[in-house]
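Note on naming: letters A, B, ... go to the chains in the order of the sequence lines (proteins, then strands), and numbering restarts at 1 for each one.
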Amino acid sequence: MLHARRLPANVVDRLAASLSELAGAPVELERPSDPEHGDYATNIALRTAPQRKQPPRELAAELAARAQELEEIERAEVAGPGFLNLWVTTAWLAEALQEIGPDYGSGSASDQAQRIQVELISANPAGPLTVGSARNGAYGDSVARLLDYAGHDVMREYYFNDAGRQVDLFRASVEARRSGQELPEGGYQGEYINELAALEVDPVQHMLGEIRREVAEFRIDIDTWRHQGEIEEEVAALLPRLDTYEAEGTIWARTSAYGDDKDRPLIRSSDGSYLYFAADVAYVRDKLERGFDLAIYVLGADHHGYVGRLKAAAAMLGYDPERIEVLIYQLVHIVEGGLTKKISKRRGDVVFLHELVEKIGVDAARWYLISRGHDQPIDIDVDLAAERSQKNPVYYVQYAHARIAGILRNVEAAEDSSVIVPKELEREERDLIKRLAEFPVIAAEAAERRAPHAIPIYAIRVADDFHRFYHEHRVVGSETEAFRLALVRAAQHVIARALDLIGVEAPERM
RNA sequence: GCGCCUGUAGCUCAGUGGACAGAGCGGCGGCCUUCUAAGCCGCGGGUCGGAGGUUCGAAUCCUCCCAGGCGCACCA
């Protein structure tokens, strides 16, 4: 740790550390919803009372007396069964405010930074991206942004299954349409097949280009694009390293010996053709050999069965299966006339990403797809989504950012770090500062839990506190103008960063 | 049958052991001569699917049950 660059813990951490020292146990500070319960509160006395063999309230009272001595504490009270409620000083709040800049809360994991690859979307080039792929992209990309912000070295990769049966079927479907023949069995239907048939292009090549364009438009910056063909070339060299056997005209991988539910077929003996799992194994090796500490797969719930076989593939190759992490999100269903159905590109039961974006825009679409927990299924009715997009909370948050930009357009003063802090702060000012000071923990936890939906929820609260402050108090021309400018600038930094972490723009005007 | 996920306000959802369970939307009622009313304030609204258990304390952890989604392919 001698040379490792430790980030300066923020004032909340320092306060928690001081209290931990007093309590002899790690103190976690929470923000009570009831203002009667102080600026911060901790249950440390309740938690440690059993070991100390002391009544919680008595312990809390001792802590309160000593906390009172800390210079950042204005008042400390015991409440309820043994909570310790704390009120902080104005000076402490001012210090908290001073820490907030454009990169506030970044680097939470930089002392344990890893090289991380996030593979996302990886939809077949057998049609445009669906809203299901959009959820994958929005979720995976936001996780990547969070990990990057936390200090990891993150690469995003997209894998094209451009050599499999689905793609052949897709190509055949377009050909059939062109020549007026019947669709092949289980072939692709839908308007976009007709449109493709009318173009003089190779359907797969065309879709590869379309998908790259759509991904970029959805603000996902893919570092590397891989194709099934290049991965399959690695299979042959890999085979000797695998635990295999032949049965029923197939070469199998003995994955069941490595934690999978069952063995997986690798190669069809009759013609030597690779089955899908062969490429999976080669791809796992490819990823881990490229030196990533962690390879994250972002998969829909319908691919849940993949977790075991991917980890088994890693284990069979002699890698630590912990280096494979699979993030599962629940599916997006489409709703039509009150009925829910699973998306199927093949059947033509589908809502495409471009349709959603045309109707509500990238900002509302990304917000909508991310603000639900990834464990929560989403039903989407595009017409309803369009109707409701005006009520999307994303505008509420963006509006706060734009309002601040409006204030700042009225002043010439540059950002000033030596701001004189008023002796007494207004309630809305205190609330806003405390809210902003939560951001480092929110961002760090969202990254650790792979849960970007915590960001929009928090952003709404910040906008809430800002709008209330804005409504009650003038900034420009007020007696404490410099201080309030610093406050709204800090709020703007945090809002802009929160929006950026989920790939949403922070407008200067609305 | 087995595995994973879900069930919280009229609707869509937050809340990974703490103080009376929260927000948005919808409903009702107020607030613009002042930095953007895409805003602010107020009112109403709940057997946290059900039953047991662990705990000083459970929406949260454990078990069982009910309901829904997704898997359990030589498709991806």
Name all stems that contain residues of RNA chain B, defined as runs of 3 or more consecutive Watson-Crick or G-U wobble pairs, both distances under 3.5 Å.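 Only these stems qualify: B:1-7 with B:66-72, B:10-13 with B:22-25, B:27-31 with B:39-43, B:49-53 with B:61-65.
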Looking at A/Arg268 and A/Asp271, does any basic side-chain N land under 4.0 Å from a carboxylate oxygen? yes
Nearest to side-chain heavy atoms of [X], which nucleotide of [options]:
X: A/Leu331; options: B/C13, B/C75, B/C70; result: B/C70
X: A/Pro393; options: B/C35, B/G24, B/A38; result: B/G24
X: A/Gln390; options: B/C75, B/A76, B/A38; result: B/A38

Since syn is defined as within 90° of 0, does B/C41 count as syn or as anti?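 Anti conformation here, the glycosidic angle of B/C41 being more than 90° from 0.
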Can you check nucleotides 6-11 of chain B for protein contacts, nitrogen or oxygen pairs under 3.5 Å, and list what you find?
none

Are any protein N/O atoms closer than 3.5 Å to N/O atoms in nucleotides 18-22 of chain B? If there are, list each pair with its distance.
unit_1 : atom_1 : unit_2  : atom_2 : d
B/G18  : N7     : A/Asn43 : ND2    : 2.9
B/A19  : N6     : A/Asn85 : OD1    : 2.8
B/A19  : N1     : A/Asn85 : OD1    : 3.0
B/A19  : N1     : A/Asn85 : ND2    : 3.2
B/C20  : N4     : A/Asp34 : OD2    : 2.6

Within 45° of the axis and under 6.0 Å from the centre of the six-membered ring of A/Tyr297, does NZ or CZ of A/Lys287 qualify? yes
A/Trp225 six-ring face occupied by A/Arg212 cation (under 6.0 Å, within 45°): yes
First encountered from the 5' end of RNA chain B, between A/Gln228 and A/Arg264: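 With A/Arg264 and A/Gln228 compared, the 5'-side residue is A/Arg264.
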Between A/Tyr470 and A/His467, does the ring centroid distance fall short of 6.0 Å? no
